[in-house]
Amino acid sequence: MSNATQSLASTRIASLLDANSFVEIGQSVTARATDFNISEEKAPSDGVITGYGVIDGNLVYVYSQDASVMNGTVGEMHAKKISRIYDMAMKTGAPIIGLVDCAGLRLQEATDALEAFGEIYLKTTLASGVIPQITGVFGTCGGGMAVIPALTDFTFVESKKGKIFVNTPNALDGNHVSKCDTSDAAFQSEETGLVDGIGTEEEVLGQIRELVSLLPSNFEDRDSYEECTDELNRVCDTIENCTGDTAIALSQIADNGVFFETKAAYGKDIVTGFMRLNGAVVGAVANRSEIYDAEGNKVEEMDGTLSSRGARKAADFVKFCDAFEIPVLTLTNVNGFKANLCNEKMMAKSVGEMVHAFASATVPKVNVIIGKAYGNAYIAMNSKAVGADMVYAWENAEIGMMDASLAAKIMYTGSDAATINEKAAEYRALQSSVNSAAARGYVDTIIAPADTRKYVIGAFEMLFTKREDRPAKKHGTV
């Protein structure tokens, strides 16, 4: 049972963890600095509560910053407490969750605070790929503290009070917080790709609990399964209507219709998230061209291309899955790359990162082509060419260099409409049909859309014991 003093920081811990499961570590630690009369200020736990508990029976470590103690500033001992809880988490192989509410580094402790804070950077880096790291931001997360969400795996922000910034909005030339609040949850969620979800404090804590229940405890954990209560051969009757909004399609494939989406507000042309298939956790990446709300109303429409943000989002997600041995499922429906000046700035770099992520991942990889699969955008989307273990395609899928009509116009420039239409039909049959791709071995099996769930489950079961050797090296550079 927790011995933590009742504060907002401890209340958040109590709301996050299973009832009465928190055990505090380092409760008696206080600042040891004396400069500028800092010793006269009461600093229980030095402004951060650290310890461990369970979420749905799974061990987790937690630190929660207390803004009521010296504004939650990070001093030397504050930082050392966080570093030590990281050491415990890595020793035992359990996730670590940081609940951030911090006014920055403690000025009275100067270089002692800086040096100790640097140890947190080191610990988060060492823990990367070893244990899942999750950050929840409930107040200010500024300056050097803003780097922490970038070093951890998943970040959730309270929508009203949560702020993430390296430089405050008013410090940016030509900007003011009333013009563009670059620190608020909406901006960080939609523009930076740093945030996985936003909401009320209760919603954020609920999202963290749900995510922890899906993730393995560490990179060697092979026991993160639960009994499947859904029909393995369940027919997905309406999935063919969901090729636009693949978040809905993925929920239809998933056990009991549960799909946890990450970074939903960023790079919206790509869907990423987690689900269970036959009780095992699978990471999913899918192209998206439409977004529907909970009432079934279309709220946004895209052109079916892959953006630089979407590619970057997919790359980061696949890297996480590969690090923690989580199989990857992709749903491909893409007709090319987004063509505008903003995207072109980072397109090649972002797509390169995505290709590298898919190609270097050694976890089981299954791709289902559910619509158009054109050009290099299709190749980048976990195609057979870059290492997919199994590739399925729906009966009406189109796979090729580009749309047949456009190809015919390019190859027969100046011809009349009848000739263009004739050549387009010929090109479609010879070069863009799913049967043509299957005949060349680029597609393993052509399936009916309604049978997607059973084929995908079967593929991952078959690939459960997959082993794949790669060239010996320290690490890639992409």
Side-chain angles (χ1 to χ4, degrees), residues 1-5 9-29 45 48-66 79-100 119-120 122-138 148-149 151-156 196-197 201-202 204-227 258 260 262 274-276 279-283 320-321 323-326:
M1 183 176 293
S2 172
N3 295 315
T5 54
S10 60
T11 300
R12 287 173 183 146
I13 292 176
S15 300
L16 174 68
L17 302 180
D18 294 354
N20 299 317
S21 71
F22 181 64
V23 177
E24 187 172 0
I25 299 174
Q27 182 183 25
S28 300
V29 173
S45 299
V48 62
I49 299 171
T50 58
Y52 63 93
V54 295
I55 293 178
D56 291 336
N58 301 303
L59 174 66
V60 296
Y61 290 82
V62 182
Y63 69 86
S64 182
Q65 294 176 315
D66 190 348
K80 285 185 179 297
K81 286 181 67 176
I82 295 174
S83 295
R84 287 166 183 166
I85 212 71
Y86 258 95
D87 289 336
M88 292 291 291
M90 284 191 281
K91 285 178 183 178
T92 59
I96 188 162
I97 303 167
L99 307 181
V100 176
E119 291 180 16
I120 301 178
L122 176 62
K123 300 299 183 182
T124 55
T125 301
L126 294 176
S128 182
V130 178
I131 55 173
Q133 302 177 71
I134 301 172
T135 302
V137 179
F138 299 93
I148 299 300
L151 289 172
T152 57
D153 300 308
F154 301 97
T155 300
F156 300 87
D196 291 276
E201 184 165 314
E202 181 181 1
V204 165
L205 293 172
Q207 289 172 25
I208 294 175
R209 282 185 60 89
E210 185 178 357
L211 178 59
V212 169
S213 70
L214 286 167
L215 299 179
S217 294
N218 55 71
F219 78 107
E220 294 179 316
D221 180 9
R222 302 292 182 270
D223 298 321
S224 55
Y225 298 90
E226 63 180 36
E227 184 178 353
V258 178
F260 185 92
T262 60
F274 299 101
M275 60 184 180
R276 289 188 183 274
V281 176
V282 171
F320 175 85
C321 291
F324 288 93
E325 289 294 336
I326 299 173

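Numbers for residues simply follow the sequence, beginning at 1.
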What is the distance from atom [atom1] of [X] to atom [atom2] of [Y], rounded to the nearest 0.5 Å?
X	Y	atom1	atom2	value
Phe320	Asp153	CZ	CG	5.0 Å
Phe274	Phe154	CZ	CZ	4.0 Å
Phe219	Ile326	CZ	CD1	13.5 Å
Ser21	Asn58	OG	CG	11.0 Å
Glu24	Thr50	CD	OG1	6.5 Å

Tell me, please, which residues at least two apart from Thr262 pass side-chain hydrogen bond (donor to acceptor under 3.5 Å, both in side chains).
Thr272
Hits for side-chain hydrogen bond (donor to acceptor under 3.5 Å, both in side chains) against Tyr52, two or more places apart or cross-chain, chain-then-number order -> none
For Pro132 versus Ser217, what's the shortest heavy-atom pair and its separation?
CD-O, 3.2 Å
Show the nearest heavy-atom pair for residues Phe324 and Asn218, with the distance to one decimal.
CD2-C, 3.7 Å
What do the steps show when you test Lys81 against Tyr63 for side chain to side chain contact (heavy atoms under 4.5 Å, CB included), and what is the final call?
CA-CA 9 Å; Lys81 286 181 67 176; Tyr63 69 86; over 6 Å; no
With sequence neighbours excluded, residues passing side-chain contact (heavy atoms from CB on, under 4.5 Å) with Thr152
Tyr86, Gln133, Thr135, Ile148, Thr155
Which residue pairs pass the salt bridge (Lys or Arg N to Asp or Glu O under 4.0 Å) test when at least one of the two sits in residues 124-137, sequence neighbours left out?
none
Side chain of Ser64, backbone of Ile49: donor and acceptor closer than 3.5 Å?
no
Should we count CE of Met90 as having more than 12 external heavy atoms under 6.0 Å?
yes
Validation: residues 205-215 side-chain donor-acceptor distances under 3.5 Å, sequence neighbours left out:
{"unit_1": "Arg209", "atom_1": "NH1", "unit_2": "Leu16", "atom_2": "O", "d": "2.7"}
{"unit_1": "Arg209", "atom_1": "NH1", "unit_2": "Asp18", "atom_2": "OD1", "d": "3.2"}
{"unit_1": "Arg209", "atom_1": "NH2", "unit_2": "Asp18", "atom_2": "OD1", "d": "3.1"}
{"unit_1": "Arg209", "atom_1": "NH2", "unit_2": "Asp56", "atom_2": "OD1", "d": "3.1"}
{"unit_1": "Ser213", "atom_1": "OG", "unit_2": "Glu210", "atom_2": "O", "d": "2.6"}

Do the non-hydrogen side-chain atoms of Ile97 and Ile55 ever get within less than 4.5 Å of each other?
yes
Answer whether the closest heavy-atom distance between the side chains of Val281 and Pro216 falls below 4.5 Å.
no
Could you give the side-chain donor-acceptor pairs of residues 123-131 under 3.5 Å, partners two or more places apart or in another chain?
{"unit_1": "Lys123", "atom_1": "NZ", "unit_2": "Asp87", "atom_2": "OD1", "d": "2.9"}
{"unit_1": "Thr124", "atom_1": "OG1", "unit_2": "Ile120", "atom_2": "O", "d": "3.1"}
{"unit_1": "Thr124", "atom_1": "OG1", "unit_2": "Tyr121", "atom_2": "O", "d": "2.8"}
{"unit_1": "Thr125", "atom_1": "OG1", "unit_2": "Tyr121", "atom_2": "O", "d": "2.8"}

